[in-house]
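Here's the structure, in structure tokens; my notes come after.
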Amino acid sequence: MELAKAYDPKSAEEDHYKRWEESGFFRPEINQDPNAKKYSIVIPPPNVTGSLHMGHALQHTIMDVLTRWKRMQGFKTLWLPGTDHAGISVQRKVVEQLRKDENKSPLDIGREEFIQRAWKWKERYGNTITEQMRREGASVDWTRHRFTMDESLSLAVRNVFCTLYDEGWIYRGLRIVNWCPKDKTVLSDLEVKEETKKDGKLYYLKYPVIGSVPGAVATGEFLTVATTRPETMLGDTAVAVSPSDDRYKHLVGRTIALPLTNREIPIIADEYVDAEFGTGAVKITPAHDPNDYLIGQRHDLEQLLIMDDSGKMNAAAGEEFVGLDRFVARAKVVEMFDELGLLEKVDDYEITLPVCERCKTIVEPILSEQWFVKMDEMRDIALDLMKSEGVPHFSPQVPHEKVYTGWLENLKDWTISRQLWWGHQIPAWYDEDGNVFVGRTEAEAVEKAGGKTLKQDSDVLDTWFSSGLWAFSTFGWTGSGSPPYEGGVAAASADGVVLSGAGEKNPVAIAPGSDMSGDLETFLPTDVLVTGRDIIFLWVSRMIMLTKKFTGQKSFEDVVITGTVLGKDGKPMSKSRNNGVDPIEMFDKFGVDATRIYLASIATGADIKWNDIGVETYRNFANKIWNATRFCLMNAEGITVDHASLMVDDMPLPDKWIISRLNKTAIDVNKALDKYEFHTSVSLLYHFFWDDFCDWYIELKKDEINGGDAASTTRIITILEIAIRMLHPFMPYLTEDLWLKLPGTSSELHHPAYKNPVATAPGSDKTVMLTKFPPGDVAAIDERAEREMDAVIDVIKKVRNIRAEMNISTAIKFTVHIAADVGIQDVFRANEAQILKLAKAEALVIAAELDVPRASAKAVTNDARLAVPLEGLIDFDVERTRLNNQITKLTEEKTRLDGQLSNANFVDRAPAEKVGELRDRSVELEGQIATLNQNLTSLS
RNA sequence: GCCGUCUUAGCUCAGUGGUAGAGCACUCGCUUCACACGCGAUAGGUCACAAGUUCAAAUCUUGUAGACGGCACCA
């Protein structure tokens with residue numbers, strides 16, 4: 001079989017995925033070993049509004065590597081895919097579409113119609129990312145695809161809500177919350193980010209003090225307060241000073257005539273106020289500031305709300321202000337204070353403002369009635385799990401474990417209601433008097449209300465509430481008895497339209513009538529969660545708490561936190577910076593496999609600046625693998641992969657050596673993957689394949705293989721087959737493509753758990769992804785062979801060095817003289833052909849001592865002395881320089897060692913083994929230096 | 001303000017007590033019959049800085065500088 005000269009990723013990417021998926025290879029049911037242990041991962045569900053970015057590509061690669069690796073180890077493996085309904089994001093898309101296409105607002109069409117449109121939007125555009133995941137080669141079980149608004153997941157949400165409400169863990173309350181005036185919804189603390197404004201201002205407002213009795217005349221005295229939000233003064237209901245502030249003691253108990261209003265407000269004393277800060281007097285706006293709210297409660301102050309849900313001033317702000325945007329009102333307040341002579345001064349002030357994570361609108365703290373989850377017990381659940389079992393185990397552990405526990409310890413209640421239409425509507429109903437009835441269904445609520453007519457709460461739940469259930473709701477848990485979810489069956493929307501795209505390709509491999517009702521028992525707890533550090537609080541922590549609370553199980557044992565892929569400018573990729581790199585473009589340019597293995601080569605958790613050259617390196621690697629296979633196949637007529645060929649006793653040295661290297665690599669790759677050190681395993685595989693297998697093994701064996709030596713060819717093809725298996729989790733397309741081309745591959749080579757997969761078509765059951773991942777065999781490690789091979793390699797390298805430094809054309813063949821101990825002489829003799837070929841020499845003279853003319857170039861290795869007679873070719877100056885360079889290098893090393901060895905402290909205190917090691921090396925160096933010096937002397 | 005991470009070859013990054021590594025770029029040489037997305041051979045680093053612990057520090061401790069991240073506060 002002849003392969004193309006270069007690897008073309010496109011065709012491999014197009015050929016294999018569909019067959020894998022349709023053959024059911026991604027499904028745990030493919031595993032026929034009743035005793036197989038399970039391995040499960042749930043995907044962090046990407047937003048349905050999303051398209052693949054480099055962060056996804058990184059995380060998906062890690063998850064797929066783990067999934068494919070464990071599957072090949074014979075685990076009953078499930079990687080469960082899905083998408084998140086992404087409340088605000090989808091709502092915004094639909095609102096925008098409505099405005100553009102029909103110039104209508106959501107209110108124009110009403111809630112029901114709006115939700116219909118949202119479902120349609122989701123159906124039409126929500127599959128972008130799932131299609132892109134197929135391109136990535138993600139071996140997810142598409143028949144188990146979940147959407148956070150699937151019927152069964154929605155049922156789980158309602159049940160969880162009701163249970164938490166019944167237990168008092170969910171409550172409705174009036175609080176200062178973060179309000180986004182653009183999205184017109186409340187936000188949780190975690191959805192609020194900060195933005196520093198250097199050009200902020202601090203306004204000093206003079207408030208006229210009046211007498212101690214309400215209605216008394218002004219005293220002519222003023223109390224100055226400083227504020228960054230002057231417009232909120234319209235909602236002031238007090239001014240507070242520190243109780244220990246002598247400057248203002250006499251004012252406490254008196255009142256202020258609040259300018260621009262006709263209200264009188266009290267001057268109060270409260271410990272919260274820091275006399276040293278600003279003017280020492282603070283305006284108190286209980287309805288628009290969290291601290292003021294608390295002070296207001298302590299002093300029983302009125303809570304005056306002066307804005308509406310879009311950030312415009314309402315009637316309470318006064319006639320002159322009603323309807324004005326908060327920033328227009330701010331300017332007007334300042335202007336009017338100035339006119340009244342009450343604006344003391346305006347200072348420049350650097351300020352950090354809270355902004356909406358998504359739309360960057362400045363968040364307004366306002367008093368509002370919302371639903372909350374009480375986090376006290378929730379926090380304890382998570383902390384206990386960490387303290388008692390160390391779960392989850394973070395990789396990397398530092399700093400995430402500490403950040404996670406630290407955050408838990410300071411946890412505040414979670415605002416879960418959102419003023420949106422797209423999402424899980426809160427299962428709470430109200431009667432005409434505002435009494436609340438919580439139930440799984442309207443009927444249940446009505447029953448609780450004694451048959452009264454009720455109206456459902458119009459809010460929906462925070463998106464993270466449903467994703468917090470993801471680790472178990474996806475496995476069919478609903479909270480209502482046995483899981484009713486039927487695998488692959490799409491969820492239905494309110495109008496009965498089949499909505500989910502999942503399961504449309506019901507593969508033959510799924511036995512008719514198979515259900516997934518055992519999934520919860522089988523796959524929970526999941527083994528590992530792979531995600532970014534930005535959602536540790538938003539998602540990871542909540543999943544840990546809610547899973548434990550509702551199933552009694554851990555959601556996952558381990559959490560792998562991936563780093564951030566930064567743009568070429570070293571900053572996080574973002575649309576506004578326009579520094580993003582599209583994974584799909586990389587796939588097109590370098591191939592999916594190259595992109596994947598490059599991403600896997602990044603140290604776990606480390607941020608990395610994107611560079612195309614990194615991917616190019618692995619594109620070249622893919623081509624190298626392709627060409628190594630090409631070479632093997634060119635000579636493989638009548639040969640088949642045969643694992644017994646690696647078990648024979650008397651193999652030539654290069655074969656013993658490569659088998660030893662292969663097994664060592666396999667053992668180390670498995671160890672690295674066990675520790676989630678993906679970059680270590682990539683590096684091991686890269687160097688094994690390129691350096692050991694290609695640069696040395698193929699070159700050493702080339703003549704035998706070209707000469708039709710069947711045993712050698714069988715062996716190299718078999719070693720290649722094992723190497724391809726090890727590379728498969730990282731480079732699935734290339735390895736599948738090549739593995740299928742290897743002679744003698746069949747489902748007979750599959751892991752015992754996959755010996756008889758149900759095939760859709762003859763031959764299609766054959767795949768590298770169901771072979772056994774090489775575990776590596778300690779018994780196959782041959783240290784002696786590795787030492788001997790190193791000796792041979794050293795000789796070849798030294799001769800090559802002589803040729804290069806002496807600038808001798810490869811057309812000129814010369815004789816190589818080797819002097820060495822008797823034992824190692826045999827090794828050189830046995831590998832004479834290899835040395836001659838790779839050193840491009842024509843003859844080898846092996847003896848105990850060198851016997852060469854003066855005009856020879858010389859070198860030493862750890863095991864031998866070398867000489868190459870170069871009559872008429874040698875440049876003595878160059879040779880002297882060569883020798884001197886070597887002497888210098890070795891002498892430097894020896895000086896350093898001897899320095900250490902002459903240090904009594906070192907000899908006394910360092911481990912004897914270490915001291916012995918250094919001593920041996922020093923003696924060795926001494927001999928080598930002496931030889932080189934002799935060589936130098938004999939030149940002159 | 002509190003907590004944390006990073007600083008290693010020109011570039012992008014590995015390396016966590018015992019002789020400093022990779023890929024790319026650079027220099028030199030190769031139309032060697034798998035691969036120029038290649039082969040061979042070199043060169044290149046006071047491991048940010050300072051002090052300490054240790055027989056021994058890129059690695060541990062403390063401090064300094066710079067870059068970045070999280071949390072809190074912000075009248």
Side-chain angles (χ1 to χ4, degrees), chain A residues 3 5-7 189 194 200 202-204 225-229 232 239-240 272-274 277-285 289 291-292 349-354 396 398-400 402-403 406-407 410 533-534 536-537 564 566 568 570-572 590 594 598 601-603 605-614 616-635 679-680 683 686-687 694-695 698-699 702 706 797 800-805 807-811 837-838 840 885 892-893 896-897 900 903-911 914-915 917-918 921:
Chain A
L3 263 54
K5 212 170 170 187
Y7 173 53
D189 293 348
E194 278 153 26
L202 189 60
Y203 302 89
Y204 290 76
V225 296
T227 180
T228 55
R229 296 190 293 153
T232 62
V239 174
Y272 166 75
V273 181
D274 176 4
F277 193 94
T279 65
V282 186
K283 58 189 280 306
I284 302 299
T285 323
D289 184 279
N291 289 309
D292 292 6
Y349 190 71
E350 187 180 310
I351 187 171
T352 47
L353 293 169
V398 177
H400 301 110
K402 198 174 158 186
V403 171
W407 178 78
N410 299 297
R533 57 175 97 83
D534 51 334
I536 295 177
F537 305 150
T564 309
L566 307 169
K568 287 167 189 162
K571 304 217 164 99
F590 299 111
Y598 167 63
S601 78
I602 301 166
D607 290 354
I608 190 165
K609 260 183 252 188
W610 182 266
N611 63 333
D612 283 7
I613 287 166
E616 204 180 322
T617 298
Y618 289 102
R619 188 273 314 260
N620 296 348
F621 183 47
N623 192 55
K624 189 76 180 174
I625 298 166
W626 176 269
N627 272 291
T629 309
R630 181 167 180 257
F631 167 76
C632 292
L633 291 179
M634 284 168 78
N635 299 286
H679 63 298
T680 308
S683 170
Y686 183 92
H687 291 292
C694 292
D695 287 351
I698 289 183
E699 296 304 331
K702 202 169 241 177
N706 282 333
K797 286 190 152 196
R800 282 172 172 175
N801 174 272
I802 288 170
R803 186 184 287 279
E805 303 255 312
N807 208 7
I808 296 166
S809 156
T810 48
K837 180 173 169 69
L838 298 191
K840 300 197 190 313
N885 285 345
E892 274 171 13
E893 190 185 341
R896 194 171 44 238
L897 293 183
Q900 260 184 288
N903 180 344
N905 279 326
F906 170 72
V907 178
D908 290 349
R909 302 197 198 187
K914 187 94 252 165
V915 177
E917 225 172 78
L918 261 56
R921 179 64 183 155

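Reminder, nothing fancy here: chain letters follow the sequence lines and each chain counts from 1. Excluded from the calculations below are hydrogen atoms, water molecules and symmetry mates; all remaining heavy atoms, backbone and side chain alike, are included.
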Tabulated below should be each protein N or O lying under 3.5 Å from an N or O of nucleotides 5-10 of chain B; please produce it.
none

Quiz item: A:Y686: what forms a ring pair (Phe, Tyr, Trp, His ring centres under 6.0 Å) with it, not counting sequence neighbours?
Solution: A:Y618, A:F621, A:W690
Exercise. With sequence neighbours excluded, tell me which residues meet side-chain hydrogen bond (donor to acceptor under 3.5 Å, both in side chains) with A:R229.
Key: A:E364
Quiz item: A:Y349 side chain: which of B:rC74, B:rA41, B:rA34 is closest?
Solution: B:rC74
Quiz item: With A:P399, which residues qualify under side chain to side chain contact (heavy atoms under 4.5 Å, CB included), at least two apart?
Solution: A:V403
All N/O contacts under 3.5 Å from nucleotides 42-45 of chain B to the protein, with atom names and distances to one decimal?
residue, atom, partner, partner atom, Å
B:rU42, OP1, A:N801, ND2, 2.7
B:rU42, O5', A:N801, ND2, 3.4

Could you list all N or O pairs between the protein and nucleotides 19-26 of chain B that sit under 3.5 Å apart?
residue, atom, partner, partner atom, Å
B:rU19, O2, A:E893, OE2, 2.9
B:rU19, N3, A:E893, OE2, 3.1
B:rG23, O2', A:T617, OG1, 2.5

Quiz prompt | Counterpart residues, side chain to side chain contact (heavy atoms under 4.5 Å, CB included), relative to A:Y349 (two or more places apart) | solution = A:L202, A:T228, A:F277, A:I351
Quiz item: How does RNA chain B read in dot-bracket, base by base from 5' to 3', with Watson-Crick or G-U pairs under 3.5 Å and | used when the partner is on another strand?
Solution: ((((((((.[[[[.)..(..]]]]..((((.......))))......[[[[[..)....]]]]])))))))....
Exercise. Indicate whether OP1 or OP2 belonging to B:rC3 is found under 4.0 Å from a side-chain N or O atom of A:K402.
Key: no
Quiz item: Among the nucleotides B:rG18, B:rC74, B:rA34, which one has an atom lying closest to any side-chain atom of A:P911?
Solution: B:rG18
Quiz item: Can you tell which of B:rA36, B:rC71, B:rC39 lies closest to the side chain of A:F537?
Solution: B:rC71
Exercise. Report the residues that fulfil salt bridge (Lys or Arg N to Asp or Glu O under 4.0 Å) with A:K702, sequence neighbours left out, ordered by chain and then residue number.
Key: A:E699
Quiz prompt | No-H, no-angle donor-acceptor pair, A:R630 side chain to B:rC35 base, under 3.5 Å | solution = no
Self-check item: With A:A804 via side chain to side chain contact (heavy atoms under 4.5 Å, CB included) - residues at least two apart
Solution: none
Practice problem: Sticking with atom P, work out how far B:rU16 lies from B:rA20, rounded to a whole angstrom. | Solution: 15 Å
Quiz item: Just to confirm, is there a sub-4.0 Å distance from OP1 or OP2 of B:rG4 to any side-chain nitrogen or oxygen of A:H400?
Solution: no
Quiz item: A:K609 near the nucleic acid: base, sugar-phosphate alone, or nothing, with a heavy-atom cut-off under 4.0 Å?
Solution: sugar-phosphate
Quiz prompt | Partners meeting side chain to side chain contact (heavy atoms under 4.5 Å, CB included) with A:R619 (sequence neighbours left out) | solution = A:F590, A:A594, A:E616
Quiz item: Sequence neighbours excluded, which residues qualify as side-chain hydrogen bond (donor to acceptor under 3.5 Å, both in side chains) partners of A:R896?
Solution: none
